[in-house]
Amino acid sequence: MQYLLLCVLMNVAIFLIFRAFSHYNIPTFQAIVFNYLACVLTGTLFLGNVQFVSSITFDQPWVLIALGLGAIFIGTFYLMALTTQKLGVTVSSIASKMSLVIPVVISLFVLNIASRELIVFNYIGIGLAITAILLSSIKKKSENAQKISLFVLFMPALVFIFGGVIDTSINFTSHKYLTAETEGVFPIVIFFSALCIGTVTLLIKREKINRRSVIAGSVLGVINYFSIYFIVKSLGAFGNDGAIVYPVINVGIILLSSISSVILFKEKLSNINKLGLVMAVAAVVLIFYQEVVAQF
């Protein structure tokens, strides 16, 4: 359970840092690239030595998956940033968090992973989690809405699809290939791949490096590494059961980020948002119904 909580805390911290990006006019893509450099360094220091490099060989399936995920990671991260800038935080957050539907369906009906036998209350909880995320994310339409292109309108769909691909790939890899020794290395390979792609892109664009991007990206990178590390650890703790792990993580992110937004940014929650948060709490109780009952 502690891994789930730590994963939620890391992801909410990422949300708060992205909010700071726009406030301090930090170049987003540059910060994302330096974020991946910080991810690699953080992972290496966390593991304590560089001997893990010997386990990274191209005949290992998890290494190839990690390299491919690197490209999807940096593309999706930047796409989320663009969606936020063009369509607002609400649209971006709904698209990214609702993508949990994909790994949940794959985990239940394709991988057939279940850490325990699911009962009707668990399924109701999963459904409530999805509904809660939608309701708690709905905001009033901005009065300054502008005419936007067809591609911009399609961006949330891309965030939804690629976000689901990332979560499903992590779930699949953790289930099939990762061991206790490679759980910490897997995120490093992902981030190293993303770093290489981002660096090449910056060189092609010949952008002048902004010092604030380096600082902001470094802070983001430390948290970002552990956000993925704790997802992998959470999956391992629950038998790689994505149908349990992803709804709980996303519901936790919604609850904590909403509370943080009210406290730090003085955001107002509508009655629909409040209903969504109540449903989120009910969803967690129902998903862990067996564990809750066992305590009484």
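Asn122 places a side-chain N or O within 3.5 Å of a backbone atom of Leu286 that can act as its donor or acceptor partner.
The line from CD of Glu207 to OG of Ser213 is 8.5 Å long, rounded to the nearest 0.5 Å. Atom CE of Met10 sits about 11.0 Å away from atom CG of Asn224, to the nearest 0.5 Å. Separating the CD1 atom in Ile215 from the CG atom in Leu220 is a distance of 13.5 Å, to the nearest 0.5 Å. How far CD1 of Ile188 is from OH of Tyr229: 10.5 Å, rounded to the nearest 0.5 Å. Taking CG of Leu5 as the start and CG of Leu256 as the end, the distance is 8.5 Å to the nearest 0.5 Å.
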Donor-acceptor pairs under 3.5 Å, side chain of residues 160-172 to any protein atom, not counting sequence neighbours: which ones?
| unit_1 | atom_1 | unit_2 | atom_2 | d |
| --- | --- | --- | --- | --- |
| Thr168 | OG1 | Gly164 | O | 2.7 |
| Ser169 | OG | Val165 | O | 2.7 |
| Asn171 | OD1 | Gly242 | N | 3.4 |
| Asn171 | ND2 | Asn240 | O | 2.9 |

Only distances under 3.5 Å count here; give the side-chain donor-acceptor pairs of residues 275-283 to other protein atoms, sequence neighbours excluded, each with its distance to 0.1 Å.
none

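No close placement of the Tyr3 and Phe238 rings is indicated, their centers lying 6.0 Å or farther apart.
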- Could you please spell out the steps behind the side chain to side chain contact (heavy atoms under 4.5 Å, CB included) verdict for Phe226 and Leu6? CA-CA 8 Å; Phe226 286 109; Leu6 289 169; over 6 Å; no
- Would you sort out whether Thr179 and Glu183 count as a side chain to side chain contact (heavy atoms under 4.5 Å, CB included), showing the intermediate values? CA-CA 6 Å; Thr179 64; Glu183 281 181 340; over 6 Å; no
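Hydrophobic cluster membership for Ile204: Val200 (Ile, Leu, Val, Met, Phe, Trp, Tyr linked by side-chain heavy atoms under 4.5 Å, directly or transitively).
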